[in-house]
Structure formats: structure tokens, C-alpha cells
Participant: 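Here it is: the structure, laid out below.
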Amino acid sequence: MIQQRANMDWMLKDLAEGVPGTLHVIVLSSDGLRMAQHGGDPDAADRLAAACAGLQSLAAAVGTEFPRGDGRMRLVVIEMSGGFFYMMAAGPGAYLAVLADEEVDAGLMGQQMRDLVARIGAHLTSPPRNDGLTA
């Protein structure tokens with residue numbers, strides 16, 4: 001797992017350096033646990049990952065209102081004073097989240113996030129948690 005996370009961290013760095021204005025890149029599980037990060041401090045990444053769990057749940061609730069949709073969240077973008085927040089589904093049980101400043105190229109960010117998810121989607125999947133009991 002350590003080698004796999006190191007590979008993810010490198011790919012997150014590639015995204016951050018490939019899109020000017022990127023401040024923080026995080027991979028998180030659907031229950032809000034940070035799996036990998038680039039930029040920022042770990043405490044901030046943990047807070048963002050926890051907030052993302054609530055946000056993906058809210059997005060899924062909104063998604064059920066589309067009659068022909070499947071209710072799954074693909075991408076959430078929030079524009080705030082100071083910058084942008086992006087969160088993209090990255091496989092079953094995993095999400096990619098990015099904080100960027102106001103100067104970021106939104107099109108480039110979306111493209112680079114999609115490319116990253118396609119390249120490492122298998123690594124971004126968060127396995128179901130168990131209670132430590134064996135069957």
C-alpha cells in the first residue's frame with residue numbers, strides 16, 4: 001500500500017504542477033478519509049476530505065431529482081471568493097478534490113482531472129471497510 005500511495009502522490013503532483021493556480025489536490029474515500037494529497041498541510045486535507053463526504057452525499061440527493069439520471073455524482077464545482085473547489089468521482093468509493101485560486105483555467109482543470117482519474121482509476125478505488133471480523 002505504501003508504494004501504491006507514493007505513486008498516487010506523484011500523479012497528484014503532476015496534476016498540481018500541470019494546471020497553474022492549483023493549491024491543493026486530495027484523493028478521499030466516500031466516507032471522508034484522506035487517501036493521498038499534494039499541497040497544503042495534512043490537517044487541511046483531512047478537513048477538506050471530511051467536508052467532501054457531506055458534499056458528495058448532498059450531490060447524490062440532488063442527482064435523484066433527474067428523472068433519467070442514475071443519481072451518481074460526476075463533478076461538483078463551487079466558485080467562491082478566492083478561488084474554486086472541484087470534486088470528481090474517481091471510481092467506486094473514491095473522489096478527487098482540488099482547491100484552486102481565481103486564476104485557474106477551469107477547462108484545463110476539468111480535462112486534467114478527467115485524465116488523472118482515467119490513468120489511475122483503479123488506484124483511486126477505496127475498498128469497503130470491514131469491522132475486522134472474518135467470515
Side-chain angles (χ1 to χ4, degrees):
M1 178 66 173
I2 293 172
Q3 182 63 33
Q4 190 176 46
R5 180 171 172 178
N7 289 340
M8 256 197 293
D9 289 347
W10 176 83
M11 289 186 215
L12 299 182
K13 179 180 179 185
D14 190 40
L15 170 69
E17 292 178 354
V19 182
T22 302
L23 304 172
H24 206 148
V25 183
I26 304 166
V27 175
L28 62 130
S29 64
S30 59
D31 56 358
L33 296 176
R34 174 177 48 96
M35 297 166 60
Q37 78 169 78
H38 178 76
D41 68 83
D43 289 338
D46 288 339
R47 288 190 303 272
L48 284 169
C52 287
L55 186 56
Q56 64 88 19
S57 179
L58 177 62
V62 171
T64 63
E65 298 303 316
F66 291 96
R68 294 187 197 125
D70 59 11
R72 291 185 295 161
M73 185 277 295
R74 293 184 191 157
L75 174 67
V76 172
V77 179
I78 301 174
E79 180 179 4
M80 298 162 276
S81 61
F84 294 87
F85 168 80
Y86 301 87
M87 185 172 71
M88 180 177 284
Y95 297 88
L96 175 63
V98 177
L99 285 179
D101 68 22
E102 293 174 315
E103 305 302 317
V104 72
D105 179 331
L108 179 60
M109 178 61 76
Q111 176 186 349
Q112 293 296 324
M113 288 178 72
R114 282 189 299 276
D115 290 349
L116 177 59
V117 167
R119 281 189 295 156
I120 61 171
H123 298 285
L124 295 180
T125 301
S126 176
R129 302 202 191 291
N130 63 36
D131 59 7
L133 301 175
T134 56

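Please read these numbers as outputs of a predicted model, since none were measured by experiment.
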Participant: Are Val62 and Val77 connected, step by step, through hydrophobic side chains (Ile, Leu, Val, Met, Phe, Trp, Tyr) whose heavy atoms are closer than 4.5 Å?
Facilitator: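 As far as the 4.5 Å side-chain criterion goes, Val77 and Val62 are not connected within one cluster.
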Participant: Should Leu48 and Met80 be counted in the same cluster of Ile, Leu, Val, Met, Phe, Trp and Tyr side chains packed under 4.5 Å apart?
Facilitator: yes
Participant: Sub-3.5 Å donor-acceptor pair from the side chain of Gln56 to the main-chain atoms of Ser30, do we have one?
Facilitator: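 Present.
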Participant: Under the 3.5 angstrom rule, does the side chain of Glu17 hit a backbone N or O of Asp14 as a donor-acceptor pair?
Facilitator: no
Participant: Using 0.5 Å steps for rounding, measure from the CG atom of Leu99 to the CZ atom of Phe84.
Facilitator: 12.0 Å
Participant: Evaluate the side-chain proximity of Leu108 to Pro20: yes if any heavy-atom separation is below 4.5 Å, no if none is.
Facilitator: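 In short, these two side chains touch, coming nearer than 4.5 Å.
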Participant: Could you measure the distance from the OH atom of Tyr86 to the CE atom of Met113? Nearest 0.5 Å is fine.
Facilitator: 8.5 Å
Participant: Minimum heavy-atom separation for Leu28 and Ala49, please, with both atom names.
Facilitator: CD1-O, 3.7 Å
Participant: Is the shortest side-chain heavy-atom distance between His38 and Leu15 below 4.5 Å?
Facilitator: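 No. Closest side-chain heavy atoms not under 4.5 Å.
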Participant: Looking at every non-hydrogen atom in both residues, tell me the closest pair between Val76 and Ala59 and how far apart they are.
Facilitator: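 Where Val76 meets Ala59 most closely, the heavy atoms are CG2-CB, 4.0 Å.
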Participant: Measure the shortest side-chain to side-chain distance between Val19 and Asp105 over non-hydrogen atoms and say whether it is less than 4.5 angstrom.
Facilitator: no
Participant: Got a sec, which residues hit salt bridge (charged side-chain N to carboxylate O under 4.0 Å, His left out) with Asp115, two or more places apart in sequence or on another chain?
Facilitator: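 Listed in chain order: nothing, the list is empty.
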Participant: Measuring from Met87:CE to Ile78:CD1, what's the distance to the nearest 0.5 Å?
Facilitator: 8.0 Å
Participant: Which distance, rounded to the nearest 0.5 Å, do you find between the CZ of Arg114 and the CZ of Arg74?
Facilitator: 11.5 Å
Participant: To check you understand the geometry: which heavy-atom pair defines the closest contact between Ala89 and Tyr95, and what is its length?
Facilitator: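 Closest heavy-atom pair between Ala89 and Tyr95: CA-CD2, 3.7 Å.
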Participant: Testing Ile26, Thr22, Val25, Val98 for side chain to side chain contact (heavy atoms under 4.5 Å, CB included) with Leu12, which one passes?
Facilitator: Val25
Participant: Between Pro42 and Arg34, is there a side-chain heavy-atom distance shorter than 4.5 Å?
Facilitator: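 Yes, at least one pair of side-chain atoms sits under 4.5 Å.
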Participant: Provide the closest heavy-atom pair for Ala45 versus His24 in the form atom of the first, atom of the second, distance.
Facilitator: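 Minimum heavy-atom contact is CB-NE2, 3.6 Å.
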